[in-house]
Amino acid sequence: MMKIRKALESDVQSIYSMRNRAIIEKCTGFYSSAQLALWTQGDISAALINDIVANFFVSVFKNRVIGCGKVNLETGMIDAIFVDPDHSGQGAAKSMLVFLEELALDNDLKLLQLESTLNAASFYRACGFVGDEVSTYHSPRGISLDCIPMRKLLKN
């Protein structure tokens with residue numbers, strides 16, 4: 001059975017490796033090879049370690065991290081939902097999204113927002129998010145990617 005828990009520093013390498021695999025395997029065809037290479041290059045920064053430990057949650061199945069995600073409880077911005085490609089389509093992303101929505105509701109948020117990758121927009125629409133216009137996401141790594149800003153009103 002899959003469980004969701006707060007991320008630990010010992011999860012950082014697993015999260016980073018899983019994230020990069022998910023980007024390469026799921027975003028190919030939606031972004032250029034150059035964009036994918038820039039998006040996944042480099043080492044794990046101290047800022048990323050701090051962000052993961054402070055803000056991330058992980059999905060764990062058979063003692064292995066298979067997914068991650070976070071929500072900013074001040075702005076309602078959801079970010080970094082990634083699932084190990086070997087577990088894609090098994091409900092890990094949906095479970096994480098439901099978990100983050102519940103966390104947002106517990107913190108009296110009424111609206112969630114995210115910037116969807118082009119390949120994930122249909123998933124978020126199926127989960128109740130709305131948004132169709134393509135915008136540009138400016139990554140902390142210095143690359144620009146097409147994205148779709150999306151929103152979801154939460155109901156208690």
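Position 1 is the first residue of the sequence; numbering continues from there.
- Taking both residues in full, the closest heavy atoms of Ala7 and Val58 are given as CB-CG1, 4.0 Å, listed atom of the first, atom of the second, then distance.
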Quiz: residues 35-42 side-chain donor-acceptor pairs under 3.5 angstrom, not counting sequence neighbours:
residue, atom, partner, partner atom, Å
Gln35, OE1, Ser32, N, 2.9
Gln35, OE1, Ser32, OG, 3.4
Gln35, NE2, Ser144, O, 3.2
Thr40, OG1, Leu36, O, 2.8

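- Residue Lys3 holds its NZ atom at 13.5 Å from OG of Ser95, rounded to the nearest 0.5 Å.
- Met150 CE to Ser116 OG: the interatomic distance, rounded to the nearest 0.5 Å, is 5.5 Å.
- Rounding to the nearest 0.5 Å gives a distance of 10.5 Å between CD of Glu102 and CG of Leu97.
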task: List the steps and the verdict of side-chain contact (heavy atoms from CB on, under 4.5 Å) for Leu100 and Ile81.
output: CA-CA 10 Å; Leu100 296 175; Ile81 294 182; 4.0 Å; yes

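- Sorted by first and then second residue, the pairs that involve residues 88-110 and meet ring pair (Phe, Tyr, Trp, His ring centres under 6.0 Å), not counting sequence neighbours, are Phe57-Phe99.
- Asp132 pairs by the side chain to side chain donor-acceptor pair (under 3.5 Å) definition with Arg125, not counting sequence neighbours.
- Under the 3.5 Å distance criterion, the side-chain polar atoms of Lys6 are matched with a main-chain donor or acceptor of Val53.
- Between Leu112 and Ala104, the closest heavy-atom pair is CD2-CB, 3.7 Å.
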- request: Please assess Phe56 against Val12 for the test side-chain contact (heavy atoms from CB on, under 4.5 Å), listing each intermediate value before the final yes or no.
  value: CA-CA 10 Å; Phe56 276 58; Val12 170; over 6 Å; no

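- Grouping Ile, Leu, Val, Met, Phe, Trp and Tyr residues whose side-chain heavy atoms lie under 4.5 Å apart, directly or via other members, leaves Val83 alone, with no other cluster members.
- Residue pairs meeting the ring pair (Phe, Tyr, Trp, His ring centres under 6.0 Å) criterion with at least one partner in residues 108-156, sequence neighbours excluded, are Tyr124-Phe129.
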field: Test side-chain contact (heavy atoms from CB on, under 4.5 Å) applied to Glu133 and Ile148, step by step
entry: CA-CA 6 Å; Glu133 291 189 29; Ile148 301 174; over 6 Å; no

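- Legend: residues meeting salt bridge (Lys or Arg N to Asp or Glu O under 4.0 Å) with Glu101, ordered by chain and number and at least two apart, are Lys152.
- A continuous path of hydrophobic side-chain contacts links Val134 to Tyr31 [ILVMFWY only; heavy atoms under 4.5 Å].
- Other cluster members for Met2: Phe61, Ile66, joined by side-chain heavy-atom distances under 4.5 Å among Ile, Leu, Val, Met, Phe, Trp and Tyr.
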For residues 45-52, which side-chain N or O atoms pair as donor and acceptor with protein atoms under 3.5 Å away, sequence neighbours left out?
residue, atom, partner, partner atom, Å
Ser45, OG, Leu48, N, 3.0
Asn50, ND2, Ala46, O, 3.3
Asp51, OD1, Asn55, ND2, 2.6
Asp51, OD1, Lys70, NZ, 3.1
Asp51, OD2, Lys70, NZ, 2.7

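- Between Val71 and Leu103 the shortest side-chain heavy-atom distance falls below 4.5 Å.
- A salt bridge does not link Asp11 with Arg64: none of the charged nitrogens is closer than 4.0 Å to a carboxylate oxygen.
- Taking SG of Cys68 as the start and CD1 of Ile15 as the end, the distance is 5.5 Å to the nearest 0.5 Å.
- Residues Gln113 and Pro149 are not in side-chain contact: their nearest non-hydrogen atoms beyond the backbone lie 4.5 Å or more apart.
- Taken from CG in Leu114 to CG in Asp79, the straight-line distance is 9.0 Å, to the nearest 0.5 Å.
- For the pair Ser59 and Ala92, the tightest heavy-atom approach, listed with the atom from each and the gap, is OG-O, 4.2 Å.
- Rounding to the nearest 0.5 Å places CG of Leu154 at 4.5 Å from CG of Leu105.
- You'll find the side chain of Gln13 reaches within 4.5 Å of the side chain of Ile44, heavy atoms only.
- Other residues sharing the hydrophobic cluster of Leu111, ordered by chain and number and joined by side-chain separations under 4.5 Å: Leu153.
- Between the side chain of Asn72 and the backbone N or O of Glu74, at least one donor-acceptor pair lies under 3.5 Å.
- Looking at Lys94 and Cys127, their side chains come closer than 4.5 Å, going by heavy atoms from C-beta outward.
- With sequence neighbours excluded, no residue forms a salt bridge (Lys or Arg N to Asp or Glu O under 4.0 Å) with Asp146.
- Taking the side chain as every heavy atom from C-beta outward, Thr136 and Leu145 never approach each other to under 4.5 Å.
- By the side chain to side chain donor-acceptor pair (under 3.5 Å) test, Arg151 is found to be paired with no residue, residues two or more places apart in sequence or in another chain being considered.
- When all heavy atoms are compared, the tightest approach of Leu109 to Gly76 is CD1-CA, 3.8 Å.
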N/O donor-acceptor pairs under 3.5 Å from side chains in residues 23-30, not counting sequence neighbours:
residue, atom, partner, partner atom, Å
Lys26, NZ, Ser88, OG, 3.2
Thr28, OG1, Ile24, O, 2.4

